2 protein chains.
Amino acid sequence: MAQPNTNGSARPTRALAKSAATRRRVIEAAARMLVEQGYAATRLADIAAAAGLQTGSLYYYFDSKESLVEEVLRYGVQFTHTHVRVIVEQLPDSATAGERLAAAVGGFLEATLELGNMSPAHVRTFHQLPTEIQDSLRPIRRAFARFWEELIDAAVASGEIRADIDPLVLRSFIISSLEQVAEWPGRARHSARDLSDVMRTLIFDGVGRSRD
Amino acid sequence: MAQPNTNGSARPTRALAKSAATRRRVIEAAARMLVEQGYAATRLADIAAAAGLQTGSLYYYFDSKESLVEEVLRYGVQFTHTHVRVIVEQLPDSATAGERLAAAVGGFLEATLELGNMSPAHVRTFHQLPTEIQDSLRPIRRAFARFWEELIDAAVASGEIRADIDPLVLRSFIISSLEQVAEWPGRARHSARDLSDVMRTLIFDGVGRSRD
DNA sequence: GTCTATACAAGGATAGAC
DNA sequence: GTCTATCCTTGTATAGAC
């Protein structure tokens, strides 16, 4: 069983730090390779090389290619979910449903940029993974989706979002718009703050010339 | 060389029709497998089985897995590109740039629904293909992208689309919004016409409650 | 055109030394 | 913790019969 002490044991912190650092390097290398090559073409040898290791050494940290990839994706959703929740919960009680949704949009984009390669890695490769991994990630993905669902439904109820469109379409549109930002070409040129403003405008008001 | 007579020879039409039919079955099976399993997990054996053939028989039609997959994706872009162009060109000369863009949106969605599994197959797997295939598809993808670029820029110039947003962001937003529709869950419930109306509304006016 | 049988390469996984 | 060496499965691709 290839399980390093994630933590909680009485081992010297020094050793844990090194192990954890390597582990992180591997995860980030894996994310990069996934984005560049896709799940199919990503070989463990590539990941190992990018992390400065030999192929066999990966098995000290992970049981399999699948479990490694799973961890890359899981980390991404978890981070994003947490980040967005915190941002929304920090709002004053007086915030409207629309304001909460807008804050969530900003939080999502902050997390996306912060995650680097892990964001596109998730968007691109989820559907290509073996069923077992998809199933194992499904709960957290669902929980996140439900969170958005509540935000959006509340904004519809408050009258801040149009009610004349199928709610499922509405949600799909908002969420896929946000997810796709990670795939945009020169996205790095924009700061998270700029991107948040722009996306809030696009999603809420559309590309049409604003009526005045 | 596994090249069936695409056509143009003096062979009896009967035989050609059968070969073409099988070829089509293979392509559609491949599209379905790509969507369901992803490029990684899609085995030629799966495709063959779904098309009612044995693995080896595929090589009568295609030189390799890669060339088969390439053809699936190429057909999709080509079809969509042509369809959208025709729709836009049929508009009266009096049509504004905004109206042309709106028509293109409708045409894109019609093509998307018409293509069935080929649409999501393209969206999902393009980035995972071997470089050679990506390169070979790049020209037609670029041409299509440029077409959109012109439509959008013209609508900005005519004042029908907001000019206060980075054009690259604007284009990315519109195009990725459209592409993602193929990935939506219960999209089958909506007709192409409904979807076109809804997407035009969302893209041009946003999700915010329309101001009156 | 389609099948069966098989060659062949690639890459994930394991064992054990250091 | 990391390396080297190796096993073993999988799946693409080919050959040749029917």
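These numbers were taken from a predicted model, which means no experiment stands behind them. All chains are named by letter (A, B, ...) in the order of the sequence lines, taking the proteins before the strands, and each is independently numbered beginning at 1.
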Give me the one residue out of His81(A), His122(A), Gln134(A) that meets side chain to side chain donor-acceptor pair (under 3.5 Å) with Arg141(A).
-> His122(A)
Looking at dG1(D), dG12(C), dG1(C), which one has an atom nearest to any side-chain atom of Tyr60(A)?
-> dG1(D)
Could you state the CD-C1' distance from Gln54(B) to dA15(D), rounded to the nearest angstrom?
-> 16 Å
Verdict with supporting geometry, Glu28(A) and Arg32(A), salt bridge (Lys or Arg N to Asp or Glu O under 4.0 Å) | CA-CA 6 Å; Glu28(A) 273 166 4; Arg32(A) 194 167 70 250; over 6 Å; no
Could you state the atom-to-atom distance from CG of Leu58(A) to C1' of dA15(C) in whole Å?
-> 16 Å
Take atom CD of Glu66(B) and atom P of dG11(D), then tell me their distance rounded to the nearest Å.
-> 16 Å
Nearest-Å distance for atom pair CZ/P, residues Phe62(A) and dG11(C) | 20 Å
So Glu70(A) and Ser136(A), side chain to side chain donor-acceptor pair (under 3.5 Å) or not? Walk me through it.
-> CA-CA 8 Å; Glu70(A) 181 192 340; Ser136(A) 122; 2.6 Å; yes
When you check the phosphate oxygens OP1 and OP2 of dG12(C), does a side-chain N or O of Thr55(A) lie under 4.0 Å from one of them?
-> no
To the side chain of Lys18(B), which of dT14(C), dT2(C), dC3(C) is closest?
-> dT2(C)
Check: Glu36(B) and Thr42(B) side chains under 4.5 Å, non-hydrogen atoms | no
Spacing of OH belonging to Tyr75(A) relative to CE belonging to Met118(A), to within rounding of 0.5 Å = 6.0 Å
Just compare dT12(D), dT2(D), dG1(C) and give me whichever is closest to any side-chain atom of Ser19(B).
-> dG1(C)
Arg138(A) atom CZ, over 12 foreign heavy atoms within 6.0 Å | yes
Any chance you could measure Leu113(A), atom CG, to Phe108(A), atom CZ, to the nearest 0.5 Å?
-> 10.5 Å
For DNA chain C, what residues of residues 28-53 of chain B have any heavy atom nearer than 4.0 Å?
-> Leu53(B)
Of all the choices, dT14(D), dT2(D), dA13(C), which nucleotide is nearest to the side chain of Ser64(A) once you look at every atom?
-> dA13(C)
Atom CG of Leu68(B) to atom P of dA13(D): distance rounded to whole Å?
-> 10 Å
Minimum-distance nucleotide (side-chain atoms of Lys65(B) versus dT2(D), dT2(C), dA13(D)) = dA13(D)
Using atom OH of Tyr59(B) as one end and atom P of dG16(D) as the other, report the distance to the nearest whole Å.
-> 17 Å
